[in-house]
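Structure first, then comments.
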Amino acid sequence: MKHVIIGGVAGGATAAARIRRLDEFADIILLEKGKYISYANCGLPYYIGGIIKNRQNLFLQTPASFGKRFRVDVRVESTVVGIEPTEKTVTVRQADGSEYTETYDKLLLSPGATPVKPPLEGIDLEGIFTLRDVADTDRIRNYLDTHRVKQAVVVGGGFIGLEMAENLRHAGADVSIVEMANQVMMPVDFSIAAHIHQHLLQKGVRLYLEQTVERFERRDDNIHVCLKSGKIIQANMVILSIGVRPETSLAKAAGLKIGETGGIWVDKYLETSAKDVYAVGDAIEFPHPLTGKPWLNYLANPANRQGRLVADNMVQGNMFAYEGAIGSAIAKVFDLTVATTGLAAKRLKQMNIPYQSSHTHSGSHAGYYPGSMPMNIKLTFDPASGKLYGAQAVGYDGVDKRIDQIALIIKLGGSVFDLMKVEHCYAPPYSSAKDPIAIAGYVAGNIVNGRMPVIQWRDIQVANPDEIVILDVRTREETAGGQRIAGSLNIPVDELRERLDEIPANKPIYVYCGVGLRGYIALQILMQRGFSDVKNLSGGYRTYAIATAPVSQSK
Ligand code: FAD
């Protein structure tokens, strides 16, 4: 059996190695247009920033070492320029421009994605870069080494944009981020992104939200990044990080079916519309397990998982169905960690899926043990059954393990009630006896079973203050210095039973405290003593304050 693989990094190299393990005698040809295979593209921003010092550490294998260990015919600088599914051949262009034809029994496409580069005036100026592969990385590093980059602009506040912003700060540059949306990190909801906004500002990064680049101009040694608003930001270097598109040019030209979101269509065995032609990774679309609708995700874990699974199907026949990815992702943004899995509230809203959400604030481990750091978890779930749709978390320590655990529960079809069943290992330096995800589960469970009706920070923003009572049940000390929601009535929870007559009984009551716990206690007191329309502010004042904090936009 002869297997030909296009693309030698995440999906392609994984598949090649697995095919070899399954079939010692297969012919395997790995065709890669770049000079390198099986390298750590996720590590590229950290090499640019000098965190990863040795360039060599980016390369997990060389073409020669990979070829030897797995007896794979690795051909780098070999670009596939055509596929003939009926003939079962591919046309390969070599570095010298010459072309040849190669036959296959089974073909795998893992060509990845290409960075979006809109046709803006000046976009090809020297000093403007996209980051996708080792060649881009070398260009950026070389530019940093040979120019005095005092000011850098990152266009796009997604995962790679934020990683680059941090790494350019490490490299000594003043950094501005220009982002078209009203938040960075689009996969998370605004209330989670708000933490990142404040953190970036604290780290000296300038944020230009809801701003669009119109053109770039070179004046003397500077690039002028001209925004539609008329603002001009001067920079010595620009990183364009405004997204990627699935690399489908080969597939399109070969007549393979392209799906509705623009990725290569594959069936559950990851086989394309052409027999014996398979595809994996950033280039494909696949139904989202929660919505059933095809979607694109550009993440290394699914590419690696698909690479292994597709190898099984290529060698043993179509026996192994792929379950789909729900989009679990994480990023380090200076000292913060932000992670997400499943569907955020804004996506549920777009898709008209009824949902409820909860915000909880916990410590990363027991508060009495030194070094406990705050962590905010947001869950989204079905309001009737509690089926979990998604989770997002932002904090400093332990964010990853919480989101990973929740991701598995979501993939297994679990609900908020399953979060209470998570049996976590506990000692004070690592967690609390009630882990943050158990707390999140208890709170969400109370919402689903009606014990705790909630309102969100946005509901308070749009509410008519004359028609509601906003009841602040924190201590007087906590409200000092104006740290309160405007127009709220302050009755500390421990005085509530004695002061019920101060609360108008004919209006809806929105209760809040610091993070939501005392608000819940107050809500129970009020509801059991005859107040019928009471809701607790999810996440309390801490969520409200961060979500409504002005993002001091750079002028
Ligand atoms: P790739 O790994 O991109 O491999 C595709 C290969 O195909 C490329 O080497 C390309 O040269 C080759 N190719 C394309 N067309 C042809 C052709 N016609 N002929 C021959 N070869 C061809 N994901 C995460 O989950 N976490 C992270 O922290 C993270 N960080 C990232 C940071 C950066 C800077 C980048 C660029 C990506 C990051 N990703 C991250 C995304 C992750 O790397 C991708 O999702 C994953 O590599 C996709 O695997 P793939 O096999 O589909 O494509």
Side-chain angles (χ1 to χ4, degrees), residues 4-16 29-49 52 58 60 63 74-83 90-95 99 102 107-115 129-137 140 156 158-164 167 187 239 241 243-254 263-264 266 270 278-286 296-308 310 325 327-333 337-341 400:
V4 171
I5 298 169
I6 305 172
V9 190
T14 301
I29 301 173
L30 187 61
L31 300 165
E32 166 55 52
K33 74 175 174 191
K35 286 186 184 164
Y36 308 95
I37 62 155
S38 194
Y39 62 83
N41 29 18
C42 307
L44 300 177
Y46 301 98
Y47 169 67
I48 292 169
I52 297 172
L58 295 171
L60 310 174
V74 180
R75 303 181 193 168
V76 291
E77 297 187 282
S78 297
T79 307
V80 177
V81 291
I83 304 171
V90 296
T91 305
V92 186
R93 184 175 295 152
Q94 303 180 92
E99 291 185 2
E102 189 63 69
L107 177 68
L108 173 62
L109 276 70
S110 189
T114 39
F129 301 92
T130 54
L131 174 60
R132 189 72 206 160
D133 53 24
V134 177
D136 296 334
T137 305
I140 295 170
F159 284 83
I160 295 177
L162 293 184
E163 285 177 2
M164 279 308 300
N167 279 289
I239 301 287
S241 184
V244 292
R245 284 200 191 96
E247 174 48 70
T248 55
S249 51
L250 266 182
K252 271 185 195 152
I264 301 172
V266 289
L270 304 174
Y278 294 77
V280 295
D282 288 357
I284 67 165
E285 65 171 43
F286 199 85
L296 302 159
N297 70 76
Y298 307 105
L299 293 166
N301 168 293
N304 281 273
R305 160 127 181 83
Q306 293 159 17
R308 182 185 160 99
V310 83
S328 305
I330 189 162
K332 171 182 176 313
V333 185
T337 301
V338 57
T340 177
T341 185
D400 49 350

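All ligand and atom numbering here is 1-based and tracks the order in the structure.
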Item to complete: Say whether, by atom type as modelled, one donor and one acceptor occur between the side chain of Asn304 and the main chain of Asn301 under 3.5 angstrom.
Response: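 Answer holds: no.
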Discussion item. Please check this pair: side chain of Ser78 against backbone of Val76, looking for a donor-acceptor N/O pair closer than 3.5 Å.
Written reply: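 Yes; at least one donor-acceptor contact below 3.5 Å.
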Item to complete: With sequence neighbours excluded, tell me which residues meet side-chain hydrogen bond (donor to acceptor under 3.5 Å, both in side chains) with Gln306.
Response: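 Partners of Gln306 by the side-chain hydrogen bond (donor to acceptor under 3.5 Å, both in side chains) criterion, ordered by chain and then number, come out as Tyr322.
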Practice prompt. Go through the structure and list residues passing side-chain hydrogen bond (donor to acceptor under 3.5 Å, both in side chains) with Arg245, not counting sequence neighbours.
Written response: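 Checked Arg245 against side-chain hydrogen bond (donor to acceptor under 3.5 Å, both in side chains); zero matches.
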Discussion item. Tell me every residue that passes side chain to side chain contact (heavy atoms under 4.5 Å, CB included) with Thr337, counting only those two or more places apart in sequence or in another chain.
Written reply: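 In terms of side chain to side chain contact (heavy atoms under 4.5 Å, CB included), with neighbours along the sequence ignored, Thr337 is linked to Ile330, Val399.
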Go ahead and list the nitrogen or oxygen contacts between ligand 1 and the protein that come in under 3.5 Å, distances to 0.1 Å, or just say none.
from: ligand 1; atom 1: 2 (O); to: Ala10; atom 2: N; distance (Å): 3.2
from: ligand 1; atom 1: 2 (O); to: Asn41; atom 2: ND2; distance (Å): 3.4
from: ligand 1; atom 1: 7 (O); to: Ser110; atom 2: O; distance (Å): 3.4
from: ligand 1; atom 1: 9 (O); to: Glu32; atom 2: OE1; distance (Å): 2.8
from: ligand 1; atom 1: 9 (O); to: Glu32; atom 2: OE2; distance (Å): 3.0
from: ligand 1; atom 1: 11 (O); to: Glu32; atom 2: OE2; distance (Å): 2.7
from: ligand 1; atom 1: 18 (N); to: Val80; atom 2: O; distance (Å): 3.0
from: ligand 1; atom 1: 19 (N); to: Val80; atom 2: N; distance (Å): 3.0
from: ligand 1; atom 1: 21 (N); to: Lys33; atom 2: N; distance (Å): 3.1
from: ligand 1; atom 1: 23 (N); to: Ala300; atom 2: N; distance (Å): 3.3
from: ligand 1; atom 1: 25 (O); to: Ala300; atom 2: N; distance (Å): 2.8
from: ligand 1; atom 1: 43 (O); to: Asn41; atom 2: OD1; distance (Å): 3.1
from: ligand 1; atom 1: 43 (O); to: Asn41; atom 2: ND2; distance (Å): 3.4
from: ligand 1; atom 1: 45 (O); to: Asp282; atom 2: OD1; distance (Å): 2.7
from: ligand 1; atom 1: 45 (O); to: Asp282; atom 2: OD2; distance (Å): 3.3
from: ligand 1; atom 1: 45 (O); to: Leu299; atom 2: N; distance (Å): 3.2
from: ligand 1; atom 1: 45 (O); to: Leu299; atom 2: O; distance (Å): 3.3
from: ligand 1; atom 1: 47 (O); to: Asn41; atom 2: ND2; distance (Å): 3.2
from: ligand 1; atom 1: 51 (O); to: Gly11; atom 2: N; distance (Å): 2.8
from: ligand 1; atom 1: 51 (O); to: Ser110; atom 2: OG; distance (Å): 2.7
from: ligand 1; atom 1: 52 (O); to: Asp282; atom 2: N; distance (Å): 2.9

Discussion item. If you count heavy atoms of other groups shown closer than 6.0 angstrom to CZ of Arg93, is the number above 12?
Written reply: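 Open.
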